[in-house]
Asks: 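Pasting in a structure now, in C-alpha cells, and then I'll have a few things to ask.
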Amino acid sequence: MSSDRYPFGEIEAKWQAAWETSRQFRVSPDTSRPKFYCLEMFPYPSGRIHMGHVRVYAIGDLLARYKWMRGYNVLHPMGWDAFGLPAENAAIEHGVHPAIWTYENIDNMRAQLRKMGISYDWDREVTTCDPAYYRWEQLIFIRMLERGLAYRKRSTVNWCPSCQTVLANEQVEAGRCWRCDSEVTTRDIDGWFFKITEYAEELLAWCDRLPGWPERVMTMQRNWIGKSEGAEFDLPVAGRPGLKLRVFTTRPDTGFGMTYAVLAPEHPLVAALVSGPEERAAVERFQSEVARQSELERTAEDRPKRGLRLTARVVNPFTAAEIPLFVADYVLMTYGTGAIMAVPGEDQRDWDFARQHGLPIVETVERPAGWTGEAYPGDGVKINSGFLDGLAIPEAKRKAIDWLVQHGLGTAKVNYRLRDWGISRQRYWGAPIPVVYCPACGMVPEKEENLPVVLPRDVQLSGKGGSPLAEVAAFVNTACPRCGGPARRETDTMDTFVESSWYFLRYCSPNYDHGMFERAAADYWMPVDQYIGGIEHAVLHLLYARFYTKVLRDLGLTKVDEPFTALLSQGMVIKDGAKMSKSKGNVVDPDDLIRTFGADTARLFSLFAAPPEKDLDWNDHGVEGASRFLNRVWRFVVPHAEELLTAPPARAGAATRSSNTTSTAEGRAFRRTIHETIARVTHDIEHDFHFNTAISAIMELVNAIYAFEPAARDRMPAGERAALLREAVETVLLLLGPFAPHVTEELWERLGHRGSLFKQAWPVADPLALKRDDVTVVLQVDGKVRGRLTVEVDAAEARVQDLALADDRVQAWLRGRAVERVVVVPNRLVNVVTRA
RNA sequence: GCGGGCGUGGCGAAACGGAAAACGCGAUGCCCUUAAAAGGCAUUGUCCGCAAGGACGUGCAGGUUCGAGUCCUGCCGCCCGCACCA
C-alpha cells in the first residue's frame, strides 16, 4: 500500500512502555494543583473493543492529556461494567462459566485498550463483579432499606420473555427490551424497588443547574421525570353515600366541562361499582381482554379507545349533575389515581371517546376566531364555567383548586411520570440482594459483618427461566440473621445499572476496604469534571447515577449533589449509512486499523471526521488522509532535526520571545501563523469541543511550514530560519500531542528534549506575535463584494471610507448612482449603500 | 400528538450577523520514476465568457437588516426521545 510510512508500530510500543514504566499517569490527591476528573463511560466486557469505543476513548484521552498540559492533576481511570446478561447467555450457549468468560474478555479488551495508548491510571482499575466491589453496594442496599428507599412490593412489571427477567421502565424502548429487542410483556411479581420517585423533584430541579450538560439530554430527563401540576379531588358516586372516586387532572379549570368520568380497567373500585351479575361478567370479560394486550398493542398508533359504560353514575361537583361512568382502556392505572374526569371540550382523547359513545361535549374555553379543530387545548377566556367565567386559564386553575379545597373535595397535587426503579433481576450474573426470608422474622437484612453475600460459583444455567440462584441449595439455605433459625436467601440479583451508579466514586479510592470509598479521596476528586459517553444512556445510566449519588449524599457519604459537572454525548460511528454492526457486515476492527495505520491515526481520524456530538461517518480514505498527515509531520521533522537543533529551543509558545526575533516580513507573518494556530486550537478544544477544526488548524500550520521552509532559504539568515522553524515544529508537536500522542512524543525526543511532551506546558499565544500591521478590508457596494483594500490595523474610519470610495472598482460600480450612506466595520469591511 | 435536533459542493465538513464552502476525502492535470507505489505542485459549487469579469448559489416562501447559512414567521423533509401520562 505505502512504502514511506513512519514506523508507528515500534514507536507506539516504545512510548506505551515508557509511560507505563515511569507511571506517568498514576495520580494521587495534590491540593497544590487544580484537579480534573476526566471519565469515559466504562465498557461492558463484551470481548472486543469496537470503533465506538475508539472514538469515546480518543475524546477522553485528548481532554485528559490537554488538561495535564494545562497543569491539572488529572484523574483518568478505566474499569469494567462486568455483570450482565451476555456473560450468562454465553454460559448457556457455550458452557463456559460467566466469570471465566467475563475475565477473559476483560483481559482481551485491556490489551486492546493498552495498544491505543490512553493515559489511564491502571492502578485504579475497577471490576464490578468483584465481591470487593459489590459488597459496598450490598451495604448501601441495607442502608436504603432502613430508610425506606429500597422496598419490596408485588406489582405489575415489565417482563422480557427472552431474557427471562424483569425490566425497569427505562429499559423498555417502544415496547421492546433494550438489550435483546424482544417484545416486552407484563407480569405480576414480587420485586425490589429503589424509591427514585422520592428524588423526582430534586432530579428535575438540578436539570436547570447543570449548564455543562447538553440541552438535549436534560430535556429527555425532564420529559422522563414528567412533572405535571394540577389537582386531585373526589367524585361522589350517585346513590352510594360514602363511595367516592378520586381523580387527578392538570386542568381543574375545566371541571364544568366534565361530562363523564373514566376508570382504568384495573382500578380497585371497579368491582365495588358493578351492579348485577350480568354487568360483572361483561366487565370481567373486558378486563381480561385488556390484560391480554401486549405493551406493543396497547401503544399502537391510532388504536381506537375501547370502553364499557357502567350503570353506576358519579356526580360532577362543579355542576352537581349526575354524569355517566366508564371503564376504558385509555386510562392507565399506573398514572395519577387511575381515574379521570373526562372533558371532551378541551381534551382530544376525551373528545374521541365522547363522539364514539354519543356523549355531550361542553366547551369551557372560548375558541379563537377561525378555530376548526376538535378539542381545544389552548389558552383563552373561560365560558360555561359558573364562577370561573371570564377568567384566563391560569387564574381559573388557581380559583378552581381553592374552591375544591374550601369544599373539602380535594387538593392541589403534583404528579410525576417517573416510576420507582425496579432493580430485581431473575438472573444469576449480578450482585446478590443481601436479604433473608425467615419463617419467624419475615424479611431480614443480612448482617453487615456477613457482607459480602458472595455470588456462588457453582450454578446450573439452563436458560429455562426462574432465578438460577434458587437452585443452589448451599446459597439459598441459610440462618436467619436475627433469630438464627433456618431461612432462605433472596435469589434475585440486582440490576447491573446499580453497579454503574457509583463506579466513578470507587475510582477515587479503588482499594479502600473500610467502605464504599474513602471520604477524603472522594471529596478531593469528585465530582467528575467531564463525563463522556453515548446518548443511549440519556435517561438510563445518567438518571440512575444522579439518583444514587443523591442517596449517598443523604447517607452522609459524600458532599456532592451531582456526580457529573459536564457531559459530552458523542455520536455513533456509522459506515455505509448504518451503525456499525456484525449483522450489517460494516464493522471496522480497531485491531486491524491499529496494525495497518497505528493507534495515532485511528485516534486522529476519529477526532477529525466529525465534531464529537455528531455521528461519525467512517471512511477508509479519510483514515488514509489522517495517516498521510502524520507522515507529513514525520517527514518534515526527521530530516530537519539536525538543522532545527542548531537553533535554541523555542520554549514554543511561551510568551517570552519578542516578535523582533525576526526582522523580515515573511518571518513575522510566519510567526503570526504559529501563534494564531495556538489560539485557534486552544479555543476549539476549550470552548466548543470542536476537535475537528482544531486539527484543521494544525494541518494549516503544517502546510505553512512546508511553504515557508524553501521560501525562507534565501531570504533570511540560516539561524533565524532555523529558530522560526523550530518554534513552528515544536508548536505543532505540543498542539498535536493530545490527538496523536505517540508520534509527537517520539519527535519531541528526536528534537533533543528529555522528559515527556505531556509534562510540557500547553503553548500560549504570544500577543506580540499575533499583532498585525495591516488588514484586508472587503469593499462592498450595496452588499455585494466588489473589491478589497489593505490598510493599517485600526485605521481611522474616515480614512478607510475615503480609501474605499477612491477605489477604482468601487468607483466603477458607483457610476450613475448617488452614495446614500457608507457602513464601515473596523478591520473588516466597507459597504457603500447607493440609490439611483 | 408532545419535546428536542438537523437540512451547506461529488463526500466528511467549515463559517463572532460581515469574503459561503477553511481543513480533509475524492476527481482531473502536471512533476518525480524505466514503471509503479510513495511524494510534490496545480485545478476542482453552477452557468455565461478567450479573458477581465459577471450572474446565480446554504430545503421552500416571506420578513428584519447597509448586509442573513446564521435572527424572526410560516411551510416541506429527515433524525432522535417520549407517547392514550389525564
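Each chain gets a letter, A, B and so on, in the order its sequence line appears, and its residues count up from 1.
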Asks: Using the side-chain heavy atoms of A:Met699, tell me which of these nucleotides is nearest: B:G24, B:G18, B:A20.
Replies: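 Of B:G24, B:G18, B:A20, B:G24 is nearest to the side chain of A:Met699.
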Asks: Return the value, rounded to whole Å, for the distance between atom CG of A:Asp684 and atom P of B:A13.
Replies: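 Atom CG in A:Asp684 sits about 17 Å away from atom P in B:A13.
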Asks: Applying a 3.5 Å limit to both distances, which nucleotide forms a Watson-Crick or G-U wobble pair with B:A14?
Replies: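 B:A14 is paired with nothing.
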Asks: Would you say the side-chain atoms of A:Lys382 pair up with the backbone N or O of A:Thr364, donor to acceptor, closer than 3.5 Å?
Replies: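 It does hold such a pair.
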Asks: For A:Val823, report the nucleic acid contact type (base, sugar-phosphate, nothing); a contact means any heavy atom under 4.0 Å.
Replies: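 Base, at least one base atom sits under 4.0 Å.
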Asks: Around atom NZ of A:Lys227, are there more than 12 heavy atoms of other residues, nucleotides or ligands at under 6.0 Å?
Replies: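 Enclosed.
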Asks: CD of A:Gln221 versus C1' of B:G3: gap in Å, rounded?
Replies: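 Result: 14 Å.
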Asks: I want to verify a distance call: between B:C25, B:A86, B:G18, whose nearest atom is closest to the A:Arg828 side chain?
Replies: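 Given the options B:C25, B:A86, B:G18, the side chain of A:Arg828 is closest to B:G18.
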Asks: With sugar-phosphate meaning primed atoms plus P, OP1 and OP2, does A:Gly226 contact a base, only sugar-phosphate, or nothing at under 4.0 Å between heavy atoms?
Replies: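 A:Gly226: no heavy atom of the nucleic acid under 4.0 Å.
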Asks: Is B:G9 syn or anti, taking syn as a glycosidic angle within 90° of 0?
Replies: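 B:G9: syn glycosidic orientation.
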Asks: Mind checking A:Arg419 for me? I need base, sugar-phosphate or nothing, with any heavy atom below 4.0 Å counting as a touch.
Replies: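 No contact at all - A:Arg419 keeps every heavy atom at 4.0 Å or more from the nucleic acid.
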Asks: Using a 4.0 Å heavy-atom cut-off, does A:Gln780 contact any base of the nucleic acid, only the sugar-phosphate backbone, or nothing at all?
Replies: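 A:Gln780: base contact, heavy atoms under 4.0 Å.
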Asks: Here's a test of your reading of the structure: between A:Val778 and A:Lys784, which maps to the more 5' nucleotide of RNA chain B?
Replies: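 Going by which nucleotide is closer to the 5' end, it is A:Val778.
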Asks: Using only heavy-atom distances, decide whether a donor-acceptor pair under 3.5 angstrom links the side-chain of A:Asn831 to the base of B:C66.
Replies: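 Check passes, donor-acceptor contact within cut-off.
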Asks: Considering every strand and a 4.0 Å limit on heavy-atom distances, what is the contact class for A:Ser228: base, sugar-phosphate, or nothing?
Replies: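 Counting heavy atoms under 4.0 Å across all strands, the contact made by A:Ser228 is with sugar-phosphate only.
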Asks: Aromatic ring centroids of A:Phe326 and A:His357 under 6.0 Å?
Replies: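 So the answer is yes for these two rings.
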Asks: Here's a test of your reading of the structure: between A:Ala609 and A:Arg821, which maps to the more 5' nucleotide of RNA chain B?
Replies: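 Counting from the 5' end, the first nearest nucleotide belongs to A:Ala609.
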Asks: Atom CG of A:Asn703 to atom C1' of B:C41: distance rounded to whole Å?
Replies: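 Distance check: A:Asn703 CG to B:C41 C1' gives 13 Å.
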Asks: Per the atom types in the model, does the base of B:A19 pair as donor or acceptor with the side chain of A:Arg788 at under 3.5 Å?
Replies: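 When only heavy-atom distances are counted, A:Arg788 does reach the base of B:A19 through a donor-acceptor pair under 3.5 Å.
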Asks: Taking the six-membered ring for Trp and the full ring for Phe, Tyr or His, determine whether the centres of A:Phe497 and A:Trp178 are under 6.0 Å apart.
Replies: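 Yes; A:Trp178 has its ring centre under 6.0 Å from that of A:Phe497.
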Asks: So, for A:Phe353 and A:Tyr260, is the gap between ring centers shorter than 6.0 Å?
Replies: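 A:Phe353 vs A:Tyr260: aromatic centres under 6.0 Å.
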Asks: Look at all strands and tell whether A:Val785 reaches a base, only sugar-phosphate, or nothing, counting heavy atoms closer than 4.0 Å.
Replies: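 Touches sugar-phosphate only.
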